[in-house]
Amino acid sequence: MELELRHLKAIRAIADAGSLTRAATDLGLAQPALSAQLKRIERALGGTLFERGRHGVRATALGELVLERSRIVLPAVTELQQEAARFARTSRATACFRLGGTHGPLLGAVVDRLAEVTPDARVTTCASWSERELAALLTEGRLDFALAGTCGSAAPPGAEDLVWQEVATDPVFVMVPEGHALARPGEVDLAACAGEQWACVPGDGCFGDCFTAACARAGFTPHRMYETDTSSLVHLVQVGRAVGLCRATFPDTPGIVTRPLTGTPLTWRHLLGWHRQTQRAETTVTVLEQARLAHADVAARSGSYTRWRAARAVP
(Lines give C-alpha, C1' and ligand atoms only; values in the text may rest on other atoms or scores of the structure.)
Protein backbone atom coordinates (compact mmCIF):
# COMPACT_ATOMS: atom_id res chain seq x y z
CA MET A 1 0.00 0.00 0.00
CA GLU A 2 1.29 3.49 -0.87
CA LEU A 3 0.90 6.28 1.64
CA GLU A 4 -1.74 8.86 0.65
CA LEU A 5 -2.75 12.26 1.96
CA ARG A 6 -5.88 10.79 3.53
CA HIS A 7 -3.66 8.49 5.56
CA LEU A 8 -1.67 11.44 6.91
CA LYS A 9 -4.92 13.19 7.76
CA ALA A 10 -6.10 10.11 9.66
CA ILE A 11 -2.83 9.91 11.62
CA ARG A 12 -3.06 13.59 12.45
CA ALA A 13 -6.70 13.23 13.55
CA ILE A 14 -5.81 10.33 15.87
CA ALA A 15 -2.97 12.29 17.44
CA ASP A 16 -5.10 15.42 17.91
CA ALA A 17 -8.06 13.49 19.35
CA GLY A 18 -5.96 11.27 21.59
CA SER A 19 -8.14 8.23 20.93
CA LEU A 20 -9.31 6.16 18.01
CA THR A 21 -12.95 6.54 19.00
CA ARG A 22 -12.93 10.36 19.05
CA ALA A 23 -10.82 10.49 15.86
CA ALA A 24 -13.27 8.17 14.09
CA THR A 25 -16.13 10.49 15.07
CA ASP A 26 -14.24 13.56 13.81
CA LEU A 27 -13.49 11.82 10.50
CA GLY A 28 -17.02 10.46 10.08
CA LEU A 29 -15.84 6.85 10.18
CA ALA A 30 -16.72 3.81 12.27
CA GLN A 31 -14.10 3.09 14.93
CA PRO A 32 -13.34 -0.45 13.57
CA ALA A 33 -12.81 0.98 10.07
CA LEU A 34 -10.33 3.58 11.35
CA SER A 35 -8.54 0.95 13.44
CA ALA A 36 -8.18 -1.30 10.38
CA GLN A 37 -6.92 1.61 8.30
CA LEU A 38 -4.32 2.47 10.95
CA LYS A 39 -3.03 -1.10 10.92
CA ARG A 40 -2.61 -0.95 7.13
CA ILE A 41 -0.76 2.36 7.44
CA GLU A 42 1.55 0.95 10.11
CA ARG A 43 2.32 -2.08 7.94
CA ALA A 44 3.15 0.23 5.03
CA LEU A 45 5.46 2.36 7.20
CA GLY A 46 7.07 -0.61 8.88
CA GLY A 47 6.26 0.09 12.51
CA THR A 48 3.76 1.07 15.19
CA LEU A 49 2.64 4.70 15.18
CA PHE A 50 0.63 4.77 18.39
CA GLU A 51 0.75 2.98 21.73
CA ARG A 52 -2.72 2.08 22.97
CA GLY A 53 -3.43 2.61 26.66
CA ARG A 54 -6.28 2.84 29.11
CA HIS A 55 -6.48 6.59 28.61
CA GLY A 56 -6.19 6.63 24.81
CA VAL A 57 -3.27 6.58 22.38
CA ARG A 58 0.18 8.14 22.42
CA ALA A 59 2.52 8.54 19.45
CA THR A 60 5.61 6.35 19.30
CA ALA A 61 8.97 7.70 18.07
CA LEU A 62 8.02 6.64 14.55
CA GLY A 63 4.64 8.25 15.00
CA GLU A 64 6.24 11.53 16.07
CA LEU A 65 8.43 11.46 12.96
CA VAL A 66 5.41 10.95 10.70
CA LEU A 67 3.42 13.63 12.53
CA GLU A 68 6.32 16.09 12.20
CA ARG A 69 6.44 15.55 8.44
CA SER A 70 2.66 15.75 8.14
CA ARG A 71 2.72 19.20 9.77
CA ILE A 72 4.74 20.34 6.73
CA VAL A 73 3.07 18.31 4.00
CA LEU A 74 -0.61 18.84 4.80
CA PRO A 75 -0.54 22.68 4.97
CA ALA A 76 1.56 22.77 1.80
CA VAL A 77 -0.95 20.62 -0.08
CA THR A 78 -3.85 22.70 1.22
CA GLU A 79 -2.12 25.89 0.05
CA LEU A 80 -1.47 24.30 -3.34
CA GLN A 81 -5.13 23.36 -3.72
CA GLN A 82 -6.26 26.85 -2.79
CA GLU A 83 -3.78 28.51 -5.13
CA ALA A 84 -4.77 26.18 -7.99
CA ALA A 85 -8.44 26.99 -7.42
CA ARG A 86 -7.70 30.72 -7.49
CA PHE A 87 -5.66 30.29 -10.65
CA ALA A 88 -8.44 28.30 -12.33
CA ARG A 89 -10.98 30.99 -11.47
CA THR A 90 -8.84 33.89 -12.74
CA SER A 91 -7.11 32.26 -15.72
CA ARG A 92 -10.36 32.11 -17.66
CA ALA A 93 -10.58 35.88 -17.58
CA THR A 94 -6.88 36.76 -17.70
CA ALA A 95 -4.85 36.42 -20.88
CA CYS A 96 -1.48 34.69 -20.70
CA PHE A 97 1.26 35.21 -23.26
CA ARG A 98 4.35 33.01 -23.14
CA LEU A 99 6.58 34.68 -25.72
CA GLY A 100 9.83 33.47 -27.21
CA GLY A 101 12.20 35.43 -29.39
CA THR A 102 15.67 35.66 -30.84
CA HIS A 103 18.15 38.45 -30.21
CA GLY A 104 17.21 42.01 -31.14
CA PRO A 105 14.86 44.72 -29.87
CA LEU A 106 11.62 43.31 -31.28
CA LEU A 107 10.80 40.94 -28.40
CA GLY A 108 10.97 43.72 -25.82
CA ALA A 109 8.88 46.00 -28.01
CA VAL A 110 6.17 43.35 -28.37
CA VAL A 111 6.08 42.81 -24.59
CA ASP A 112 5.71 46.57 -24.16
CA ARG A 113 2.81 46.80 -26.59
CA LEU A 114 0.99 43.77 -25.15
CA ALA A 115 1.35 45.26 -21.67
CA GLU A 116 -0.26 48.43 -22.99
CA VAL A 117 -3.24 46.84 -24.78
CA THR A 118 -3.79 43.99 -22.28
CA PRO A 119 -2.64 45.43 -18.94
CA ASP A 120 -4.06 42.51 -16.93
CA ALA A 121 -2.33 39.84 -19.00
CA ARG A 122 0.49 37.70 -17.66
CA VAL A 123 3.46 37.90 -20.01
CA THR A 124 6.58 35.74 -19.76
CA THR A 125 9.53 35.64 -22.14
CA CYS A 126 12.11 33.13 -23.34
CA ALA A 127 15.09 34.27 -25.41
CA SER A 128 17.10 31.96 -27.67
CA TRP A 129 19.44 32.44 -30.61
CA SER A 130 18.01 29.25 -32.15
CA GLU A 131 14.90 29.51 -34.33
CA ARG A 132 14.67 25.71 -34.26
CA GLU A 133 14.60 25.67 -30.47
CA LEU A 134 11.79 28.23 -30.44
CA ALA A 135 9.85 26.14 -32.96
CA ALA A 136 10.32 23.06 -30.78
CA LEU A 137 9.02 24.94 -27.72
CA LEU A 138 5.92 25.93 -29.70
CA THR A 139 5.39 22.34 -30.80
CA GLU A 140 5.74 21.08 -27.21
CA GLY A 141 3.25 23.67 -25.94
CA ARG A 142 5.85 25.43 -23.77
CA LEU A 143 5.44 28.72 -25.67
CA ASP A 144 2.31 30.43 -26.99
CA PHE A 145 4.05 32.62 -29.57
CA ALA A 146 7.56 32.92 -30.94
CA LEU A 147 9.29 35.76 -32.77
CA ALA A 148 11.80 34.17 -35.08
CA GLY A 149 13.15 34.96 -38.51
CA THR A 150 14.52 33.64 -41.75
CA CYS A 151 17.05 34.84 -44.25
CA GLY A 152 15.32 36.15 -47.37
CA SER A 153 12.63 33.77 -48.58
CA ALA A 154 13.89 30.70 -46.68
CA ALA A 155 11.25 28.41 -45.18
CA PRO A 156 10.39 29.03 -41.52
CA PRO A 157 11.42 26.47 -38.90
CA GLY A 158 9.22 23.88 -37.26
CA ALA A 159 6.58 21.27 -37.86
CA GLU A 160 3.49 21.35 -40.06
CA ASP A 161 1.28 22.15 -37.06
CA LEU A 162 2.97 25.55 -36.66
CA VAL A 163 1.65 28.69 -38.29
CA TRP A 164 4.12 31.42 -39.28
CA GLN A 165 3.00 34.89 -40.32
CA GLU A 166 5.29 37.64 -41.57
CA VAL A 167 5.69 40.65 -39.30
CA ALA A 168 8.04 42.62 -41.56
CA THR A 169 11.05 42.25 -43.84
CA ASP A 170 14.17 44.35 -43.25
CA PRO A 171 17.39 44.85 -45.17
CA VAL A 172 20.61 43.76 -43.48
CA PHE A 173 22.94 46.68 -42.70
CA VAL A 174 26.62 46.86 -41.81
CA MET A 175 27.90 48.33 -38.54
CA VAL A 176 31.19 50.23 -38.51
CA PRO A 177 32.89 52.42 -35.90
CA GLU A 178 32.60 56.18 -36.14
CA GLY A 179 35.49 57.52 -38.21
CA HIS A 180 35.75 54.37 -40.34
CA ALA A 181 36.14 54.93 -44.08
CA LEU A 182 32.79 53.17 -44.62
CA ALA A 183 31.00 55.43 -42.11
CA ARG A 184 30.43 58.18 -44.68
CA PRO A 185 26.77 58.93 -45.52
CA GLY A 186 25.08 56.78 -48.12
CA GLU A 187 25.14 53.12 -49.05
CA VAL A 188 28.11 50.79 -48.76
CA ASP A 189 29.10 48.49 -51.60
CA LEU A 190 29.70 45.02 -50.19
CA ALA A 191 32.85 44.73 -52.33
CA ALA A 192 34.32 47.69 -50.43
CA CYS A 193 34.30 45.48 -47.29
CA ALA A 194 36.50 42.79 -48.82
CA GLY A 195 39.41 43.42 -46.47
CA GLU A 196 37.38 43.49 -43.28
CA GLN A 197 36.87 40.98 -40.51
CA TRP A 198 33.24 40.36 -39.62
CA ALA A 199 31.03 39.87 -36.59
CA CYS A 200 27.43 38.74 -36.21
CA VAL A 201 25.15 37.07 -33.70
CA PRO A 202 24.69 33.29 -34.01
CA GLY A 203 21.77 31.51 -35.62
CA ASP A 204 20.91 28.08 -36.99
CA GLY A 205 19.35 29.20 -40.27
CA CYS A 206 20.95 29.80 -43.63
CA PHE A 207 22.14 33.39 -43.01
CA GLY A 208 25.81 32.43 -42.90
CA ASP A 209 25.59 30.63 -46.24
CA CYS A 210 23.63 33.51 -47.77
CA PHE A 211 26.24 36.01 -46.59
CA THR A 212 29.08 33.93 -48.02
CA ALA A 213 27.22 33.66 -51.32
CA ALA A 214 26.65 37.44 -51.40
CA CYS A 215 30.36 38.02 -50.79
CA ALA A 216 31.22 35.60 -53.61
CA ARG A 217 28.97 37.56 -55.97
CA ALA A 218 30.81 40.70 -54.88
CA GLY A 219 34.11 39.04 -55.79
CA PHE A 220 35.68 38.09 -52.46
CA THR A 221 35.71 35.54 -49.68
CA PRO A 222 35.09 37.00 -46.20
CA HIS A 223 37.86 36.86 -43.65
CA ARG A 224 37.27 35.72 -40.08
CA MET A 225 33.68 35.81 -38.80
CA TYR A 226 33.13 36.29 -35.06
CA GLU A 227 29.83 34.81 -33.89
CA THR A 228 29.02 36.31 -30.51
CA ASP A 229 26.34 37.92 -28.37
CA THR A 230 25.06 41.40 -29.15
CA SER A 231 27.07 43.18 -26.46
CA SER A 232 30.33 41.62 -27.62
CA LEU A 233 29.48 42.36 -31.23
CA VAL A 234 28.98 46.03 -30.38
CA HIS A 235 32.32 46.09 -28.57
CA LEU A 236 34.17 44.49 -31.48
CA VAL A 237 32.74 47.08 -33.85
CA GLN A 238 33.37 50.03 -31.51
CA VAL A 239 37.06 49.15 -31.12
CA GLY A 240 37.48 48.57 -34.86
CA ARG A 241 38.11 44.84 -34.56
CA ALA A 242 35.33 43.89 -37.00
CA VAL A 243 32.55 45.13 -39.23
CA GLY A 244 29.19 43.95 -37.92
CA LEU A 245 26.12 42.62 -39.68
CA CYS A 246 22.79 43.70 -38.23
CA ARG A 247 19.13 44.04 -39.02
CA ALA A 248 18.22 47.54 -40.16
CA THR A 249 16.20 48.02 -36.95
CA PHE A 250 19.39 48.02 -34.85
CA PRO A 251 19.01 51.07 -32.58
CA ASP A 252 21.33 54.05 -32.74
CA THR A 253 24.34 53.24 -30.55
CA PRO A 254 27.19 55.51 -29.41
CA GLY A 255 30.42 54.94 -31.31
CA ILE A 256 28.73 52.97 -34.09
CA VAL A 257 27.35 53.89 -37.51
CA THR A 258 25.00 51.57 -39.40
CA ARG A 259 24.88 51.78 -43.18
CA PRO A 260 22.75 50.03 -45.85
CA LEU A 261 24.38 47.79 -48.42
CA THR A 262 24.06 48.75 -52.06
CA GLY A 263 21.45 46.66 -53.82
CA THR A 264 20.23 45.07 -50.55
CA PRO A 265 22.00 41.73 -51.06
CA LEU A 266 20.73 40.37 -47.72
CA THR A 267 17.32 40.63 -46.06
CA TRP A 268 15.79 39.35 -42.84
CA ARG A 269 12.15 38.34 -42.55
CA HIS A 270 10.61 38.67 -39.08
CA LEU A 271 8.02 35.97 -38.35
CA LEU A 272 5.48 35.34 -35.61
CA GLY A 273 4.73 31.67 -35.00
CA TRP A 274 2.18 29.70 -33.00
CA HIS A 275 0.64 26.24 -32.85
CA ARG A 276 -2.52 26.09 -34.92
CA GLN A 277 -4.39 23.85 -32.45
CA THR A 278 -3.75 25.82 -29.26
CA GLN A 279 -4.39 29.47 -30.13
CA ARG A 280 -7.70 31.18 -30.72
CA ALA A 281 -8.07 33.22 -33.89
CA GLU A 282 -8.80 36.47 -32.07
CA THR A 283 -5.69 36.05 -29.91
CA THR A 284 -3.43 35.49 -32.90
CA VAL A 285 -4.87 38.57 -34.62
CA THR A 286 -4.13 40.68 -31.55
CA VAL A 287 -0.56 39.45 -31.07
CA LEU A 288 0.28 39.70 -34.79
CA GLU A 289 -1.08 43.25 -34.95
CA GLN A 290 0.95 44.27 -31.90
CA ALA A 291 4.07 42.62 -33.32
CA ARG A 292 3.75 44.65 -36.51
CA LEU A 293 3.18 47.87 -34.57
CA ALA A 294 6.15 46.99 -32.35
CA HIS A 295 8.33 46.56 -35.43
CA ALA A 296 7.26 50.00 -36.67
CA ASP A 297 8.18 51.47 -33.28
CA VAL A 298 11.60 49.80 -33.35
CA ALA A 299 12.27 50.84 -36.96
CA ALA A 300 11.44 54.46 -36.13
CA ARG A 301 14.18 54.50 -33.47
CA SER A 302 16.89 53.70 -36.02
CA GLY A 303 18.02 56.88 -37.74
CA SER A 304 19.77 55.12 -40.60
CA TYR A 305 16.77 52.88 -41.28
CA THR A 306 14.39 55.85 -41.15
CA ARG A 307 16.49 57.68 -43.75
CA TRP A 308 16.73 54.55 -45.92
CA ARG A 309 12.95 54.08 -45.89
CA ALA A 310 12.29 57.77 -46.59
CA ALA A 311 14.60 57.71 -49.59
CA ARG A 312 12.59 54.83 -51.04
CA ALA A 313 9.19 56.09 -49.92
CA VAL A 314 8.71 52.93 -47.83
CA PRO A 315 5.65 53.41 -45.56
Side-chain angles (χ1 to χ4, degrees), residues 1-101 111 114-115 118-128 133-146 159 161 274-280 283 287:
M1 183 189 76
E2 293 186 356
L3 194 65
E4 301 176 11
L5 287 174
R6 62 187 179 92
H7 297 146
L8 292 179
K9 291 177 180 178
I11 295 169
R12 185 68 180 271
I14 294 170
D16 290 344
S19 80
L20 285 172
T21 301
R22 287 194 293 271
T25 300
D26 293 340
L27 293 172
L29 299 174
Q31 192 275 337
L34 179 59
S35 179
Q37 183 182 79
L38 177 60
K39 290 180 180 178
R40 291 194 297 271
I41 295 171
E42 290 176 327
R43 283 198 298 269
L45 292 176
T48 302
L49 298 180
F50 295 98
E51 295 176 348
R52 284 85 166 166
R54 186 170 52 184
H55 301 293
V57 297
R58 185 177 63 181
T60 63
L62 176 59
E64 291 290 353
L65 173 65
V66 175
L67 286 168
E68 181 181 352
R69 296 296 189 271
S70 72
R71 293 186 184 100
I72 299 172
V73 172
L74 291 176
V77 172
T78 299
E79 183 179 356
L80 172 61
Q81 291 172 330
Q82 293 171 346
E83 185 175 348
R86 288 193 300 269
F87 181 87
R89 287 194 299 270
T90 59
S91 62
R92 289 189 287 268
T94 304
C96 177
F97 300 107
R98 297 173 299 168
L99 303 178
V111 171
L114 287 175
T118 57
D120 295 328
R122 297 188 309 277
V123 181
T124 60
T125 58
C126 170
S128 172
E133 180 183 15
L134 292 174
L137 292 174
L138 285 176
T139 302
E140 295 166 5
R142 295 165 63 187
L143 286 179
D144 297 313
F145 294 93
D161 288 334
W274 63 86
H275 197 290
R276 69 175 73 250
Q277 296 179 358
T278 59
Q279 297 302 323
R280 296 183 299 177
T283 304
V287 178

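Side chains are part of it too, since the values below use all heavy atoms of this structure and drop only hydrogens, waters and symmetry mates. The chain is numbered in sequence order, starting from 1.
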(request) Show your working on side chain to side chain contact (heavy atoms under 4.5 Å, CB included) between L5 and V77 and close with a plain yes or no. (result) CA-CA 9 Å; L5 287 174; V77 172; 3.5 Å; yes

(request) Under the salt bridge (charged side-chain N to carboxylate O under 4.0 Å, His left out) rule, what do R52 and E42 come out as? Steps first, then yes or no, please. (result) CA-CA 14 Å; R52 284 85 166 166; E42 290 176 327; 3.7 Å; yes

(message) Walk me through whether S128 and E133 qualify under side-chain hydrogen bond (donor to acceptor under 3.5 Å, both in side chains).
(response) CA-CA 7 Å; S128 172; E133 180 183 15; 2.5 Å; yes

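For the atom pair CH2 of W274 and CZ of R280, the computed distance is 14.5 Å after rounding to the nearest 0.5 Å. With values rounded to the nearest 0.5 angstrom, S70 atom OG is found 7.0 Å from I11 atom CD1. In this structure, OG1 on T60 lies 8.0 Å from CD on E64, to the nearest 0.5 angstrom. In this structure, CG in L74 is found 13.0 Å from CD in E79, a value given to the nearest 0.5 Å. Taken from NE2 in H55 to OG in S19, the straight-line distance is 13.0 Å, to the nearest 0.5 Å. Taken to the nearest 0.5 Å, the CD1 atom of I14 stands 14.5 Å off from the NZ atom of K9.
Counting heavy atoms from C-beta on, the side chains of R69 and V66 never come closer than 4.5 Å. Within the 4.5 Å cutoff, side-chain heavy atoms of Q82 are placed close to those of T78. L45 has its side chain within reach of L3: a pair of non-hydrogen atoms, C-beta onward, lies under 4.5 Å apart. With a 4.5 Å cut-off on side-chain heavy atoms, D144 and T278 do not count as touching. With contacts defined as side-chain heavy-atom distances shorter than 4.5 Å, the pair H7/R40 does not qualify. Between E51 and V57 the shortest side-chain heavy-atom distance does not fall below 4.5 Å. C126 has its side chain within reach of L137: a pair of non-hydrogen atoms, C-beta onward, lies under 4.5 Å apart. Contact annotation: the side chain of T48 never approaches that of L62 to less than 4.5 Å [non-hydrogen atoms, C-beta and beyond].
Between L34 and L20 the shortest heavy-atom distance is CD2-O, 3.6 Å. Counting all heavy atoms, side chain and backbone alike, A17 lies closest to A23 at CB-N, 3.6 Å. Closest heavy-atom contact between A121 and F97: CB-CE1, 3.7 Å. Closest heavy-atom contact between L138 and L143: CD2-O, 3.6 Å. Across all their heavy atoms, G63 and A59 have their closest contact at C-CB, 4.2 Å. Residues A146 and L134 share a closest heavy-atom pair of CB-CB, 4.1 Å.
No salt bridge links D26 with R22; every basic N to acidic carboxylate O contact stays at or beyond 4.0 Å.
Using a distance-only test at 3.5 Å, with no hydrogens or angles considered, no donor-acceptor pair links the side chain of T283 to the main chain of Q279.
Within 6.0 Å of CZ on R276 lie more than 12 heavy atoms contributed by other residues, nucleotides or ligands. Atom CZ of R71 has more than 12 heavy atoms from other residues, nucleotides or ligands within 6.0 Å.
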